[in-house]
Protein chains: 2
Amino acid sequence: MARRSEHSLEEIREMVLNAAENIVIEDGVSALTVRKIALEIGYTVGSIYMVFANMADLILHLNARTLDDIAAQLEQVQEPDPEQCIEALAKAYLHYASTHFNRWHLIFEARLPEGATIPVWYQDKVDHLFSRVEARFAELAPQRAEAERKRAARAVWGGIHGICVLSLNGTLDRVGLYDVEESVVLLVRNFIHGWVAQGVD
Amino acid sequence: MARRSEHSLEEIREMVLNAAENIVIEDGVSALTVRKIALEIGYTVGSIYMVFANMADLILHLNARTLDDIAAQLEQVQEPDPEQCIEALAKAYLHYASTHFNRWHLIFEARLPEGATIPVWYQDKVDHLFSRVEARFAELAPQRAEAERKRAARAVWGGIHGICVLSLNGTLDRVGLYDVEESVVLLVRNFIHGWVAQGVD
DNA sequence: ACCTGAACACCGTTCAAGT
DNA sequence: ACCTGAACACCGTTCAAGT
């Protein structure tokens, strides 16, 4: 057969990512297979390997989309007060994780094949997410050293993520979404107050 | 062939779990397959299904061991001061996660098959881990309501876990182990100070 | 009763062959 | 140059058949 140039490689790439995204959204991480993607876009398995090196590469690019998506959501948050802003960012992250659970979950499922390293462009997207929080910590305590603020941002953001993981994955804790938000707010608020008040380093 | 009663079912069960544990420790989560376990213990694949319902069941029991192991490590922590104790528990958890990464990682990899629910005995083990931290929060603020203390314990423990996840998985953040410990301590200390000082609820 | 091992329905990945 | 589809080396799970 060898259907010729019905779509450009760029188009196929896009089709693959769209199909993969839908499969993950609808049927979860474990349902994502090359064969299912191929079926969905009307090509055969071999074609996928024209536009992605392998499954891990495909997932990496899918996750990149999700990171952009999360970034866009966080961008919506516009609180003037830095403390309230960090709180709102935390809530927005939790909200994204709970409403787009499967896509969010895929980010942390990704195990790069041995020896492989995360591409710089991907790491940049992650750093960009962190930078939002860091910037607010800078506003919160302009007099402190940058390294100190960075560590605070990482600690609190890691903390937020951890509560999301334990609560949403359901492996560790069964609790309503309302309670999760309460926990997140509790963590952020108390950490910031502790940090601002006496500057434990 | 049908080798008869060389080992009791109980013994085979133990052999399976031991083999599985070693495979995970040495070659990681993705290397854990029924065929590999069978090869390791000198039985065929079918035998595994005499002692475990399926792979998910096997992994659940492997994770139960890991939870016991973590609990035993946390039991070692004997700090009289509640704040320092929580800090030490956090460090011990981080230490376990980093030195037994593969086993720790498997706990959160487990996706129970659709419709399945976590057994009570397993959930009890998880609750037992949480209770250690809760008890210390109770000492920290005996006058506060139990629900409040539980939420604080969950928030801070989730937070500790999150920092471990983001740092150790390496998907999100590349940073030395020393820095991770600093972040964990930073989170715990500031959260507790904020929580004790003004009781944000 | 215990255990085998072949069979089934899947995976991801490769690549000679077709248009 | 683009794409196929069969082949390869794997999975987890089942179950008739052997001792």
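To find a chain, count down the sequence lines: A is the first, B the second, and so on, and within it residues start at 1.
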- Item | Whole-Å distance separating the CE atom of A/Met50 from the C1' atom of D/dG5 | 14 Å
- What's the closest nucleotide to the A/Tyr43 side chain, out of C/dG12, D/dT4, D/dG12? D/dT4
- Message: Measure CD1/A/Ile12 against C1'/D/dC3 and give the value in whole Å, please.
- Response: 8 Å
- Item | Gap between atoms CD and P, on B/Glu11 and C/dA1 respectively (whole Å) | 19 Å
- Query: Starting at CG of B/Asn54 and ending at C1' of D/dC15, how long is that distance when rounded to a whole Å?
  - Reply: 16 Å
- Task: Take A/Asp68 and A/Lys125 through the salt bridge (Lys or Arg N to Asp or Glu O under 4.0 Å) test and state the conclusion after the steps.
- Result: CA-CA 7 Å; A/Asp68 287 343; A/Lys125 285 185 191 296; 3.0 Å; yes
- Nearest to the side chain of A/Val34, which nucleotide is it out of C/dT4, C/dC3, C/dT13? C/dT13
- Kindly point out which of C/dG12, C/dT14, D/dT13 is positioned nearest to the side chain of B/Tyr49? D/dT13
- Query: Of all the choices, C/dT4, D/dA6, D/dC3, which nucleotide is nearest to the side chain of B/Ser47 once you look at every atom?
  - Reply: C/dT4
- Query: Does some side-chain heavy atom of B/Ile70 sit less than 4.5 Å from a side-chain heavy atom of B/Arg65?
  - Reply: no
- Message: Using the rule side-chain hydrogen bond (donor to acceptor under 3.5 Å, both in side chains), only one of A/Arg189, A/Arg136, A/His193 pairs with A/Glu83; which is it?
- Response: A/His193
- Message: By nearest atom, which of the nucleotides C/dC11, D/dT4, D/dT13 is closest to the A/Arg35 side chain?
- Response: C/dC11
- Query: In terms of the nearest nucleotide of DNA chain C, which residue is placed more toward the 5' end: B/Leu9 or A/Ala53?
  - Reply: B/Leu9
- Task: Figure out the CD1/C1' separation between B/Ile48 and D/dC15, and round it to whole Å.
- Result: 16 Å
- More than 12 non-hydrogen atoms from neighbouring residues, nucleotides or ligands closer than 6.0 Å to CD on A/Glu10, yes or no? no
- Item | Interatomic distance where CG belongs to A/Leu39 and P belongs to C/dG12 [whole Å] | 13 Å
- Between CG of B/Leu62 and OG1 of B/Thr66, what distance do you get to the nearest 0.5 Å? 5.0 Å
- Query: Base, sugar-phosphate alone, or nothing: which one does B/Leu58 contact when heavy atoms must sit under 4.0 Å apart?
  - Reply: nothing
- Message: How many whole angstroms separate atom NZ of B/Lys36 from atom P of D/dA9?
- Response: 18 Å
- Should stems be defined as at least three consecutive Watson-Crick or G-U pairs with both distances under 3.5 angstrom, which of them involve DNA chain C? C:4-8 with D:12-16, C:12-16 with D:4-8
- Indicate, with a heavy-atom threshold strictly under 4.0 Å, whether B/Leu32 touches base, sugar-phosphate, or nothing. sugar-phosphate
- Note on the structure: Taken to the nearest whole Å, CD1/B/Ile59 to C1'/D/dG12 is 11 Å
- Item | Test ring-ring contact (aromatic ring centres under 6.0 Å, His included) applied to B/His161 and B/Phe108, B/Phe130, B/Tyr96, the passing residue | B/Phe108
- Check every atom of D/dT4, D/dT13, D/dC3 against the side chain of B/Met55 and return the nucleotide holding the closest atom. D/dT13
- Query: Taking B/Asn102 for the side chain and B/Val29 for the main chain, is one N or O donor matched with an acceptor at less than 3.5 Å?
  - Reply: no
- Query: How would you label the contact of B/Thr33 with the nucleic acid (heavy atoms, under 4.0 Å): base, sugar-phosphate, or nothing?
  - Reply: sugar-phosphate
- Message: Can you classify the ring geometry of B/Tyr93 versus B/Trp157 as parallel (below 30°), tilted (30 to 60°) or perpendicular (above 60°)?
- Response: tilted
